[in-house]
Amino acid sequence: MARILITGASGLLGINLAMEAMREHEVVGVDRGKLKSAPFQILKADLLKTDEIDSILEAARPDWLINCAALASLERCEADPVQARNLNTDLPGELATACAKRKIRFLHISTDSVFDGTKEGLYSEEDQPSPPGVYSQTKLDGEYAVEQINPQAMIARVNFYGWSLGGRRSLGEFFVNNLSEGYNVNGFTDVIFCPMWVNHLSLILLEMLTKNLQGLYHVVGAQAMSKYQFGVEVAKRFGLRENLISPQSVERSGLTARRSHNLWLSVHKLSTDLGHELPRFSTGLDGFYTQFQQSYPQKIRGYQHLEGF
Ligand SMILES: NC(=O)c1ccc[n+]([C@@H]2O[C@H](COP(=O)([O-])OP(=O)(O)OC[C@H]3O[C@@H](n4cnc5c(N)ncnc54)[C@H](OP(=O)(O)O)[C@@H]3O)[C@@H](O)[C@H]2O)c1
């Protein structure tokens, strides 16, 4: 059992990772104030404030730190590049420094979208990144900052879906929410990605830490598909109407931040070093659906309110 400090504990990855990790480990989450109750210990902190990092490390004294804090909205990064750099580049560098000083294992979460998607076929960890926007550039610079300061750190480039605190953060929730209401939505046929159920991602990240892996890894789903195809798979699994999803090009979406067309990442290095295959997409989707049946979305949303409030 390790003592794990998770930043961004109110986020889509943070909350689900904390819930998975607490089954076997002692978990402390860092939160700015959204979590009014949670089944793990919370430290309230704004990580951009001076001296906050030292204070939380002093208070939590973790064996491992997993950094899930970020400005993860591509649109918000384009609108506020300074905040994007503060959170996605400078903060990981500062956390890496503090962890190296205190001999804390550091796992930093990065993104699949460091690639511009112009390659045909899969991207490996050896491929040169070519970030297409503010989000991806600041995330890539965050990777470089971590690598430079703390070469023992682990960096995971991820893509995932699951149930979030606010109920609207992930692409899986987008399709379930809209199709359940009978709304028509668009699904991009020309964005290929490798979605992983956030609980599978959480378990794999914990396994990587337990196995003492170091350096850069692609930690995404083993199956590539378009965002349209993902929507269709979600609709089928939830018994919703897939014909409400219109196939569309991302170029016609009106989104301000540029999206990469191909984010098919190889997980060969990861599965080799773990010594097993990654979970299948259909198993993850089954898990996402089972959580829905078991009212897991309502359960985690309840952590936003005071008990008995
Ligand atoms: N979602 C995806 O599919 C995806 C894909 C690729 C990579 N990623 C990466 O995965 C990681 C987690 O993403 P996510 O989707 O879970 O993001 P998210 O839901 O937006 O969560 C971000 C977290 O960072 C926290 N945070 C922001 N500013 C902070 C500050 N000043 N001090 C302390 N905490 C702060 C947020 O707290 P508040 O709730 O208080 O704002 C929130 O808990 C990120 O590194 C992201 O780049 C995500």
Side-chain angles (χ1 to χ4, degrees), residues 5-19 28-36 38 42-53 55-56 65-77 80 82-92 94-95 107-115 131 133-143 145-146 154-174 191 193-202 205 217-221 227 230 257 259-260 263 265 284 288 300-301 303-304:
L5 185 65
I6 298 175
T7 60
S10 59
L12 172 59
L13 176 57
I15 188 77
N16 289 290
L17 174 62
M19 302 280 287
V28 183
V30 181
D31 170 50
R32 288 196 292 181
K34 269 191 193 151
L35 289 170
K36 298 286 187 279
I42 293 291
L43 291 175
K44 201 171 163 199
D46 180 336
L47 292 167
L48 294 184
K49 285 197 180 148
T50 322
D51 298 333
E52 288 288 72
I53 295 175
S55 310
I56 55 158
L65 190 156
I66 309 179
N67 179 32
C68 304
L71 189 61
S73 151
L74 276 67
E75 266 54 48
R76 284 179 61 197
C77 287
D80 192 347
V82 173
Q83 186 74 345
R85 185 147 297 277
N86 289 341
L87 275 161
N88 296 341
T89 304
D90 300 341
L91 176 63
E94 284 160 27
L95 290 170
L107 164 52
H108 174 61
I109 305 298
S110 188
T111 177
D112 56 350
S113 52
V114 293
F115 298 110
V134 175
Y135 170 70
S136 46
Q137 183 67 61
T138 54
K139 291 293 290 184
L140 180 64
D141 292 343
E143 290 185 5
V146 171
M154 197 160 62
I155 298 169
R157 289 181 180 152
V158 301
N159 195 298
F160 55 92
Y161 64 95
W163 301 108
S164 65
L165 212 62
R168 296 153 62 89
R169 174 80 189 101
S170 81
L171 189 62
E173 292 173 309
F174 167 81
V191 177
F193 74 140
C194 303
M196 182 179 257
W197 179 40
V198 70
N199 292 70
H200 278 158
L201 173 61
S202 302
L205 294 174
Y217 283 89
H218 290 172
V219 191
V220 295
K227 295 211 166 177
F230 176 75
R259 263 63 178 178
S260 303
L263 292 175
L265 269 52
F288 183 57
I300 60 166
R301 274 172 227 171
Y303 297 153
Q304 291 178 102

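Heavy atoms only: backbone and side chains are in, while hydrogens, waters and symmetry mates are out. Remember, predicted model here, so these are calculated numbers, not experimental data. Order of appearance sets the numbers: ligands from 1, and atoms from 1 within every ligand.
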Protein residue, atom and distance nearest to atom 42 (C) of ligand 1, heavy-atom basis | Ser10 OG, 3.6 Å

Between Asp80 and Leu71 the two heavy atoms that sit nearest each other are O-CD2, 4.4 Å

Please report which non-hydrogen protein atom sits nearest to atom 12 (C) of ligand 1, along with the residue it belongs to and the distance in Å to one decimal place.
-> Cys68 O, 3.6 Å

Give the residue and atom name of whichever protein heavy atom lies nearest to atom 13 (O) of ligand 1, and the separation in Å to one decimal.
-> Phe160 CZ, 3.8 Å

Min N/O separation Lys34 to ligand 1 under 3.5 Å | yes

Shortest non-hydrogen contact from Val220 toward Asn159 | CG1-N, 3.6 Å

Which residue owns the protein heavy atom closest to atom 32 (N) of ligand 1, what's the atom, and how far is it?
-> Leu47 N, 2.9 Å

Atoms of ligand 1 close to Val158 [distance to a heavy atom under 4.0 angstrom, numbered from 1] = 5 (C), 6 (C), 7 (C), 8 (N), 10 (O)

The one among Pro195, Ala72, Ser110 that brings a heavy atom closest to atom 9 (C) of ligand 1 | Ser110

Taking the minimum heavy-atom distance to atom 16 (O) of ligand 1, which of Ile56, Asn88, Leu13 ranks first?
-> Leu13

Once you round to the nearest 0.5 Å, how far does CG of Leu165 lie from OH of Tyr303?
-> 10.0 Å

Contact partition for Thr7 relative to ligand 1, non-hydrogen atoms under 4.0 Å = neither

Answer yes or no for Ser73: is there a heavy-atom contact with ligand 1 below 4.0 Å?
-> no

List for me each residue that meets side chain to side chain contact (heavy atoms under 4.5 Å, CB included) alongside Cys68, sequence neighbours excluded, and say none if there are none.
-> Ile6, Leu13, Leu17, Ile66, Ile109

Separation between CZ (Arg157) and CG (Leu263), nearest 0.5 Å, reads 11.0 Å

Rounded to the nearest 0.5 Å, how far does CG of Leu35 lie from CG of Leu43?
-> 11.5 Å

Ring pair (Phe, Tyr, Trp, His ring centres under 6.0 Å) partners of His108, counting only residues at least two apart = none

Mind listing the closest non-hydrogen atom pair of Gly162 and Ser170 along with its distance?
-> O-OG, 2.7 Å

Looking at atom 35 (C) of ligand 1, what's its closest protein heavy atom, distance included?
-> Arg32 NE, 3.9 Å

Pick whichever of Lys139, Arg76, Arg169 has a heavy atom sitting closest to atom 45 (O) of ligand 1.
-> Lys139

Starting from atom 11 (C) of ligand 1, locate the nearest protein heavy atom and write down its residue, its atom name and how far away it is, to 0.1 Å.
-> Ile109 CG2, 3.6 Å

Knowing that exactly one of Ile42, Ile15, Thr7 qualifies, which makes a side chain to side chain contact (heavy atoms under 4.5 Å, CB included) with Asp31?
-> Ile42

Within reach of ligand 1, part of Ser164 (heavy-atom separation under 4.0 Å) | neither

Closest approach of Leu205 and Ala156, non-hydrogen atoms and distance?
-> CD2-CB, 3.8 Å

Tell me, which protein residue and heavy-atom name are nearest atom 19 (O) of ligand 1, and how many Å apart are they?
-> Leu12 N, 2.9 Å

May I ask you to decide if the ring planes of Phe288 and Tyr161 are parallel, tilted or perpendicular, using 30° and 60° as cut-offs?
-> perpendicular

Check each of Ala70, Gly166, Gly162, Gly8 against atom 27 (C) of ligand 1 and report the one with the nearest heavy atom.
-> Ala70

Where is the nearest protein heavy atom to atom 47 (O) of ligand 1: which residue, which atom, and how far?
-> Tyr135 OH, 2.6 Å

Against heavy atoms of Asp46, which atoms of ligand 1 measure under 4.0 Å?
-> 30 (C), 31 (N), 32 (N)

